[in-house]
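Presented below is the structure to which this report refers.
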Amino acid sequence: MDFIDLKTQYAALREQINARIQAVLDHGQYILGPEVGQLEERLAAWTGARHCVAVASGTEALLIALMALGVKPGDEVVTTPFTFAATAEMIALLGARPVYVDVEEDTANIEAARIEAAITPRTRAIMPVSLYGQPADMDEINALGARHRLPVIEDAAQSFGATYKGRKSCNLSTVACTSFFPSKPLGCYGDGGALFTSDDALAQAMREIRVHGQSGRYRHTRIGVGGRMDSIQCAVLLAKLERFDWEVRQRATIGAHYDALLGPLVKTLAVRPDRTSVYAQYTVRVPERERFEREMKARGIPTAVHYPLSLHQQPAYRAGWEGRSFPAAEKLACEVISLPMHADLDEAAQQKIVSAVKASL
Ligand SMILES: Cc1ncc(COP(=O)(O)O)c(C=O)c1O
């Protein structure tokens, strides 16, 4: 059994994907070819954001967002410690400091009520992560941002396809960053990512930063990066969008089914009633995780841990946080484990996984 089955998805979309890739090979515009603009238009329309800027990866999207917002050495960005390292990594890379705020134990997302206490005169942005595919408390976070005149960056690397109060993730804040890493809910066949905003000036800045800060050919008006997304990767996503709505519905159904079957057995994560998760990961909490992992493996079920340490415990990110505790993040880091999750997971496979969970506890 695959943890994420990309082969069945490819089989269902083979003709469309092959034709789209062939079209790029035929026209030969591998960099910033027509597929890039087409994808940006489709994704902007899909999310409702005014602008989409396709970039080289989710990590690059975070970097470009922070650069466009002017984050510089000595600044602080408030974020969660319970996330993939890239969230804090891009803040640190710019010489700024990630300031951690603990998460809610039941959703694993940043606890909005704790953010205000972390804001200082050096704070330049708030960066919630929509972890495992569920948006954080965006209304509360945006209200805080407005009150303190701080932009809000949604790290939506895992949540493309989710909704919050009927609105799409990636259209919930000043700017949003997503990832098209192959295993993500909308994944290409290599690295890819995108930025979303409805702020025209910010979109222009992000477009310039993506191509070495150029406002015109060889006119470098700001410091940028080489952060473009390839035409071939955009072509793959254009084909994948053809069944993406179905995949989002499938993921919701499979996630709800897991909840119903596993709820009596293990601690599942809560999805708030005013939002949906796209279940980039379907994650539960178990005691004795190492033994559980081994038992699942012995029964032929792959699992993964997202993430085994909170960032304030990671060698590269713990400086300045020694002696500080983020109890919910630390507890989750010890207990979380993700089960196979993808749109093509059928009823029989799900039953097999649930039986294995029951036997492995
Ligand atoms: C929360 C989060 N942020 C950022 C990233 C980085 O995205 P990418 O792998 O496309 O660079 C990821 C990817 O795993 C992620 O999960």
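When a ligand or atom number is given, it counts from 1 through the structure's own listing order.
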Taken to the nearest 0.5 Å, the spacing of Arg14 CZ from Lys7 NZ works out to 12.5 Å

For the pair Arg147 and Glu116, find out whether any cationic side-chain nitrogen is under 4.0 Å from an anionic carboxylate oxygen.
yes

Hey, is CZ on Arg291 packed in by over 12 heavy atoms from elsewhere, all under 6.0 Å?
yes

Do Leu94 and Met67 have side chains that get closer than 4.5 Å, going by heavy atoms?
yes

Which atoms from ligand 1 have a heavy atom of Val129 less than 4.0 Å away?
1 (C)

With respect to Thr83, determine whether any N or O atom, backbone or side chain, lies less than 3.5 Å from an N or O atom of ligand 1.
no

So for Phe82, does at least one of its heavy atoms come nearer than 4.0 angstrom to any atom of ligand 1?
no

Please answer whether the main-chain N or O of Thr174 pairs with a side-chain N or O of Thr197 as donor and acceptor at a distance below 3.5 Å.
yes

Just verifying a value: how many Å separate Asp346 CG and Gln351 CD, rounded to the nearest 0.5 Å?
10.5 Å

Only heavy atoms of Phe84, strictly under 4.0 Å: list the atoms of ligand 1 that pass.
2 (C), 5 (C), 12 (C), 13 (C), 14 (O), 15 (C), 16 (O)

Please name the pair of heavy atoms, one in Cys52 and one in Leu43, separated by the smallest distance, quoted to 0.1 Å.
SG-CB, 3.9 Å

Nearest heavy atom to atom 15 (C) of ligand 1, choosing from Ala156, Ala157, Gly190, Pro182, belongs to Ala157

For atom 16 (O) of ligand 1, which candidate among His306, Gln158, Met127 provides the closest heavy atom?
Gln158

Is there a polar contact between ligand 1 and Glu60, counting only N or O atoms under 3.5 Å apart?
no

Any idea which of Ala85, Ser179, Ala56, Ser159 brings a heavy atom closest to atom 10 (O) of ligand 1?
Ser179

Where ligand 1 meets Thr59 - atom numbers and elements under 4.0 angstrom, heavy-atom basis:
6 (C), 7 (O), 8 (P), 11 (O)

Looking at every heavy atom in both Gly190 and Gln233, which two are closest together, and how far apart are they?
N-OE1, 3.4 Å

Please determine, by modelled atom types, if Thr120 and Glu76 share a side-chain donor-acceptor pair under 3.5 angstrom.
yes

Please report whether ligand 1 has a polar contact with Asp155, defined as an N or O pair separated by less than 3.5 Å (distance criterion only).
yes

Atom 13 (C) of ligand 1: of Gln281, Lys184, Met90, Glu89, the nearest heavy atom sits on Lys184

Indicate yes or no: does an N/O atom of Gly58 lie under 3.5 Å from an N/O atom of ligand 1?
yes

Between Tyr307 and ligand 1, which residue portion shows a heavy-atom distance shorter than 4.0 Å: side chain, backbone, both, or neither?
side chain

